[in-house]
Amino acid sequence: MSEAFVFRPPRRLGVALHGSAVLVLGMGAAAGLYLASQIGVGFTFLLLLLPAVAALILAPPLLYRLIALQRASYTLQRDGILLFWGLRREEIPMDQVLWVGPPEALGSPLPYALGGWPGAVLSTRSLADGRTLEFMAARSHGLVLIATPKRVFAISPADPAGFQRTYQRLAEFGTLAPIPARSLFPTFVITRSWEDRPARVLLLIGTLLSTILVVWCIWLAQAYLELPLRLAPDGSAVDVVPGVRILLLPVVNTFFYMVDLLAGLFFYRRSETQPLSYLMWSASVLTAALFLGGVWFLLRAI
């Protein structure tokens with residue numbers, strides 16, 4: 001009996017919450033950048049850049065959690081249990097599973113997950129017996145615990161009773177060839193991608209070009225009171241604006257860089273999707289190069 005039974009966490013509330021947050025941040029950043037491009041130098045200009053800065057910091061992690069929630073799954077097989085959540089992957093041999101049941105079966109109060117909200121109840125806590133409790137859940141109620149000798153996993157299948165019944169049925173058959181134990185953490189994905197020379201080259205080039213763009217635009221904003229926004233066909237300056245507006249370019253580029261970086265790491269965890277990682281990281285290099293080329297092109301009119 002090698003059939004796999006796939007259970008998924010409840011996603012509606014988490015997707016709505018994360019999607020709305022990303023949308024609000026994106027709209028706020030777009031509105032702030034647009035308004036900042038229409039006014040002159042001053043405190044108001046810097047204030048209007050705050051939504052874009054907030055989007056740079058908050059939107060990529062929220063987007064990652066949104067994608068991770070949509071792809072999360074708990075798979076039961078006769079030979080083991082597979083847990084997937086974003087860059088986190090846990091493969092538990094069936095002979096290492098002590099029991100599967102509700103939190104009450106733990107025999108002690110279940111610690112609260114730190115910093116969890118609908119769609120992303122993700123944290124680790126210590127149990128009284130010294131084992132580590134890891135939450136890989138979309139909600140803090142309706143949990144199912146998977147106990148192993150060294151670790152306990154708290155998951156939230158949409159059908160907790162169905163998950164437990166399926167496990168009991170598979171456990172009754174026994175296993176002759178347990179799957180190998182495997183734990184994959186986000187830090188491992190980062191380390192593995194860094195050891196890959198093509199990936200490392202793309203990441204270094206993208207980071208270097210984005211850094212050069214930031215430093216160059218900061219210097220230009222201080223060195224020039226006015227800069228051209230665009231050029232006429234003959235190369236003359238058109239729409240001369242305050243020089244500080246050049247800072248809009250590294251803000252936009254950094255947002256694309258963060259999205260490409262996280263998406264690339266997400267795709268890199270599987271060999272069949274690694275080409276998409278190279279594509280995302282190449283896109284960040286190309287975007288930064290285009291922004292640098294645009295700045296150089298504008299400076300020709302000065």
As an exercise, state the distance from CG of Leu122 to CZ of Arg65, rounded to the nearest 0.5 Å. 5.5 Å
Taking the side chain as every heavy atom from C-beta outward, state whether Leu265 and Pro186 have any pair of such atoms under 4.5 Å apart. no
Ser277 (side chain) donor-acceptor with Gly264 (main chain) under 3.5 angstrom: yes
Within the distance-only criterion (no hydrogens, no angle test), does the side chain of Thr273 pair as donor or acceptor with the backbone N or O of Phe267 below 3.5 angstrom? yes
Trace of the side chain to side chain contact (heavy atoms under 4.5 Å, CB included) decision for Val144 with Gln164: CA-CA 8 Å; Val144 174; Gln164 295 177 65; 3.9 Å; yes
Evaluate the side-chain proximity of Phe163 to Leu76: yes if any heavy-atom separation is below 4.5 Å, no if none is. yes
Between Leu208 and Ile190, is there a shared hydrophobic cluster once you connect ILVMFWY residues whose side-chain heavy atoms come closer than 4.5 Å? yes
Would Thr166 and Phe7 satisfy side chain to side chain contact (heavy atoms under 4.5 Å, CB included), going step by step from the backbone distance to the final call? CA-CA 10 Å; Thr166 303; Phe7 293 81; 3.5 Å; yes
In this structure, would Leu66 and Leu62 fall into the same cluster of hydrophobic residues linked by side-chain contacts under 4.5 Å? no
First locate atom CG of Leu170, then atom CD of Gln77, and finally report the distance between them rounded to the nearest 0.5 Å. 9.0 Å
Decide whether a cation-pi geometry holds between Arg8 and Tyr74; the criteria are a distance under 6.0 Å from NZ or CZ to the six-membered ring centre and an angle within 45° of the ring axis. no
Validation row: Pro10, Arg139 side chains within 4.5 angstrom (heavy atoms): yes
Answer with yes or no whether the hydrophobic clustering places Met280 together with Leu203; edges join I, L, V, M, F, W, Y residues whose side-chain heavy atoms lie under 4.5 Å apart. yes
Do Leu25 and Ile67 sit in the same hydrophobic cluster, where Ile, Leu, Val, Met, Phe, Trp and Tyr count as joined when their side-chain heavy atoms come under 4.5 Å apart? no
Atom pair OG/CG of Ser73 and Leu82 - distance to nearest 0.5 Å: 8.0 Å
Can you confirm whether Trp281 sits close enough to Leu261 that some side-chain heavy atom of one is under 4.5 Å from a side-chain heavy atom of the other? yes
Taking it one step at a time, do Glu90 and Ser183 satisfy side-chain hydrogen bond (donor to acceptor under 3.5 Å, both in side chains)? CA-CA 5 Å; Glu90 187 74 23; Ser183 296; 2.8 Å; yes
Could you tell me which non-hydrogen atom of Leu69 sits nearest to which non-hydrogen atom of Pro9, and how far apart they are? CD1-CG, 4.2 Å
So which atom in Pro93 and which in Ile179 form the shortest heavy-atom distance, rounded to 0.1 Å? CG-O, 3.0 Å
For Ser123 and Tyr112: C-alpha separation, side-chain torsions, deciding distance, then whether side-chain hydrogen bond (donor to acceptor under 3.5 Å, both in side chains) applies. CA-CA 9 Å; Ser123 66; Tyr112 288 103; over 6 Å; no
Looking only at atom types and distance, does a side-chain atom of Arg182 sit under 3.5 Å from a main-chain N or O of Ile92, one as donor and one as acceptor? no
Heavy-atom closest contact (Leu213 atom, Pro250 atom, distance): CD2-CA, 4.0 Å
Measure the spacing between CH2 of Trp216 and CG of Leu249 and express it to the nearest 0.5 Å. 10.5 Å
If you look at every heavy atom in Pro103 and Leu143, which pair is closest and at what distance? CD-O, 3.4 Å
With sequence neighbours left out, the residues meeting side-chain contact (heavy atoms from CB on, under 4.5 Å) with Ile205 are Val201, Leu209, Val285
Under a 4.5 Å cut-off applied to non-hydrogen side-chain atoms, are Val215 and Trp219 in contact? no
Are Leu299 and Val214 connected into the same hydrophobic cluster when the rule is that any two of I, L, V, M, F, W, Y join if their side-chain heavy atoms are below 4.5 Å apart? yes
Counting N and O atoms only, with roles assigned by atom type, does the side chain of Arg78 sit under 3.5 Å from a partner on the main chain of Ala171, one being a donor and the other an acceptor? no
Kindly determine whether Leu106 and Leu145 satisfy side chain to side chain contact (heavy atoms under 4.5 Å, CB included), including the steps that lead there. CA-CA 8 Å; Leu106 189 62; Leu145 302 188; 4.1 Å; yes
Salt-bridge criterion met for Arg151 and Glu134 (N-O under 4.0 Å): yes
Looking at Leu204, is its backbone amide N or carbonyl O close enough to the side chain of Thr207 to form a donor-acceptor pair, meaning the two atoms are under 3.5 Å apart? no
Separation between SG (Cys217) and CG (Leu247), nearest 0.5 Å, reads 7.0 Å
Could you go through Phe256 and Val252, starting from their C-alpha distance and side-chain angles, then the distance that decides it, and tell me whether this counts as side chain to side chain contact (heavy atoms under 4.5 Å, CB included)? CA-CA 7 Å; Phe256 288 125; Val252 174; 3.5 Å; yes
Under 4.5 Å between any side-chain heavy atoms of Thr132 and Val152, yes or no? no
Sidechain-backbone polar pair: Arg125 side chain, Leu133 backbone, donor-acceptor under 3.5 Å: no
Distance-minimising heavy-atom pair for Ala55 and Pro60: O-CD, 3.3 Å
Can you measure from OG (Ser282) to CG (Leu202) and round to the nearest 0.5 angstrom? 4.5 Å
If you take all heavy atoms of Leu17 and Pro118, which pair is closest and at what distance? CD2-O, 3.7 Å
Using atom types as modelled and distance alone, determine if a side-chain donor or acceptor of Arg192 lies under 3.5 Å from a backbone N or O of Tyr268. yes
Is the CZ atom of Arg12 crowded by more than 12 outside heavy atoms at less than 6.0 Å? no
With a 4.5 Å cut-off on side-chain heavy atoms, are Phe135 and Thr124 touching? no
Over 60° means perpendicular and under 30° means parallel, so tell me whether Tyr64 and Phe266 are parallel, tilted or perpendicular. perpendicular
For the side chain of Ser156 and the backbone of Ala138, is there at least one donor-acceptor N/O pair under 3.5 Å apart? yes
Find out whether Leu63 and Leu262 are in side-chain contact, i.e. whether some heavy atom of one side chain is under 4.5 Å from a heavy atom of the other. no
